[in-house]
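So you know, we letter chains A, B, ... as the sequences are listed, proteins then strands, and number each from 1. These values consider heavy atoms only, across backbone and side chains, with no hydrogens, waters or symmetry-generated copies.
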Amino acid sequence: MSVTSETLAPPATLRPLAWLRKNLFSTWFNALLTIVSLVFLYFVLAGIVRWVFFTADWSPVTIAPLLFLVGQYPRDQLWRPALSLLMCVFLIGLSWAIWERYVKAFAIFLGVLLGVLALIPLETPTITLGVRAVFLACPLLISLAFWIGRRSAVKGQHVGTLWLLASILITLVLLPGIRSIPGLSAVATTAWGGLLVTLLLAIGGIVLSFPIGVLLALGRRSSLPVVKIFSILFIEVIRGVPLVTILFMFSIILALFLPAESRIDRLLRALIAMVVFSAAYTAENVRGGLQAIPEGQVEAAKALGLSNFHITAFIVLPQALRLVIPNIVGQFISLFKDTTLVVIVGINDLLGIGNAVLNLRPEFVRLQMEVYLFIAIIFWIFSYFMSYASLELEKALGVGER
Amino acid sequence: MTEDHQQREPIIICKDVHKWYGNFHALRGISMEVYKREVIVIFGPSGSGKSTFIRTLNRLEEHQRGTIIVDGIELSHDVRNVEAVRMDTGMVFQQFNLFPHLTVMQNITLAPIWVRKWPKDKAEQIATELLERVGIPEQTHKFPGQLSGGQQQRVAIARALAMQPQIMLFDEPTSALDPEMIKEVLDVMIELAKSGMTIVAVTHEMGFARAVADRMIFFDKGEIVEQGTPHQIFNEPQNDRTKLFLSQILRH
């Protein structure tokens, strides 16, 4: 088929000069606006650059980077979080090979960041050669795992299983330690802190609350009165109460009622509170999706003789979850940020460590801006990659949509 | 036809079927039989209960009085009976109701794999044959949203046939289609009727009725007003309501 120039759309891209004229200087008023904006931008950016590189005093951050990473985790046991980190980055590399679309950007960013951290010329005694070696190993491990994932016949379900095994190993064995195993002395969760705790609470909260939330959403539509009433009560009670209250309930009040010997670990109590809270919101989000599925879908499945379980698992839930991905990811991002509330029950997450560092020396008191900005950037990085992955997921699942 | 009826077993028996929506009496004592290999066309004005009736035959709607026996199984509150009947009856809907998140192949093989417990190979082989039969073998791996209405409805027919049902129920299968696509769906239905499938179809496609129906049943206000062969219904309708309705839909 011959294509004449008339059947083609006009070229969308303009040369730089033409683009400038068209978009920025088309009228004298636009030209004025452009110039004013440029001047304004210059002053703002110059101010930021000057503050970041000259005025700001980053010593609260640089004096104890390990504190921000793992809190008070015993320094002679640092190999345990280090090994956990290495396992995770290896799996991130493998995930990159399998789910390139969602993980690639994060994997590359993480590798570069850790590589830079390893080589940064920072004079602080806590960053030993060993710590630098671990950081430096991360980008190498990510690349190695990516290469392995591409060369071998590793499948998504294998990597999923590995993630599951690794999380169990890390959270139940490696980090807390087991008394009976020599060399793995018990480390109380009171010593855990920083980014480690923030990530544990966030990931644990997300992974555990999601299935519970889905079950609650289904329970709310159940025809069994007991299941239905329990689900409604659970969802409405939890949603009617602020997260802070739930954290207090689980952390303090619950502990008063339980006998001393059956006390649940403090960090675990906070995690349960996050899970309970998030599950109720997930349930309502998922319910919205369930209600959006046309009745005809269920009827068609029934007419084929599928059981209620199969209809839910194969027809209703997949479509409902797809509809509510943006809401659920949004909710998980806010859960991630809400983990900072555990500060008030005395857990040293990233924000808690920040507060602690500010009180470390009298001259740090005026450096709140620097510390909180540093923490904010860390939160922003993780939140950004979560919403990035969710956008990609939406695009991928949009295939074949009506 | 009457001799045939006496020789053959009825596959669907309805006796005095009633159905209410709140205070609205939607079905007012429907009694009828459908015989094996028979093609029945149900027609009537909207709101006459014809769709409700066909949906009681696989218990998408529950009837509140009377009995319905399909292939020897009585439809009741017993879930096993209902599932057994649904395995034996395929249904095609006005709005296709394909599963939009599954490919054409997955749409067709889902129930055979999970309900009939067939191995995947067998289910896929049968699905491929059926897609050939309804004339769209090249669409196997597309999603429903990528197909035209007529193609979607043909996939829906293939999906129902994949369970190898004894009876096919059609609930206004061409009403949601653009005019140029109606024929491709009717052709498939006519081929199916000629192959000896027992069919109960709610439709106003009088061409289809003329071509293959053994019996036509006129519904109005939740009752069977009149029934007979297409020849009787078209040429010598007895009831005034039937005459009026036919004159309205055949005018153009």
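Atom CH2 of A:Trp163 sits in a crowded spot, with more than 12 heavy atoms from other residues, nucleotides or ligands closer than 6.0 Å. Counting non-hydrogen atoms of other residues, nucleotides and ligands closer than 6.0 Å to CZ of B:Arg133 gives a total above 12. By the neighbour-count criterion of 12 heavy atoms within 6.0 Å, atom CZ of A:Phe309 is sparsely surrounded, having that number or fewer from other residues, nucleotides or ligands. Other residues, nucleotides and ligands contribute only 12 or fewer heavy atoms inside 6.0 Å of the CH2 atom of A:Trp147.
Top candidate by heavy-atom pairs under 4.5 Å with chain A, chosen from B:Arg55, B:Arg59, B:Gln94, is B:Arg55. Chain B forms more heavy-atom pairs under 4.5 Å with one residue of A:Ala301, A:Ala300, A:Ser307, A:Pro318 than with any other, namely A:Ala300. Contacts with chain A were tallied for B:Arg116, B:Gln106, B:Arg159; B:Arg159 has the most, counting heavy-atom pairs under 4.5 Å.
For the atom pair CD1 of A:Ile315 and NE2 of B:His101, the computed distance is 4.5 Å after rounding to the nearest 0.5 Å. For the atom pair CD (B:Glu83) and CG (A:Leu304), the distance works out to 12.0 Å, reported to the nearest 0.5 Å. The CG atom of B:Leu60 sits 9.0 Å away from atom CD of A:Glu295, with the distance rounded to the nearest 0.5 Å. Distance check: B:Asn58 CG to A:Glu299 CD gives 9.0 Å after rounding to the nearest 0.5 Å.
Taking each heavy atom of A:Gln297 and B:Pro100 in turn, the nearest pair found is OE1-CD, 3.4 Å. Minimum interatomic distance between B:Val115 and A:Gly305 (heavy atoms only, all atoms of both residues): CG2-O, 3.6 Å.
Contact of B:Phe99 with chain A is made through backbone and side chain together, with heavy-atom distances under 4.5 Å. For B:Leu98, the part sitting under 4.5 Å from any heavy atom of chain A is the backbone (N, CA, C, O) and nothing else.
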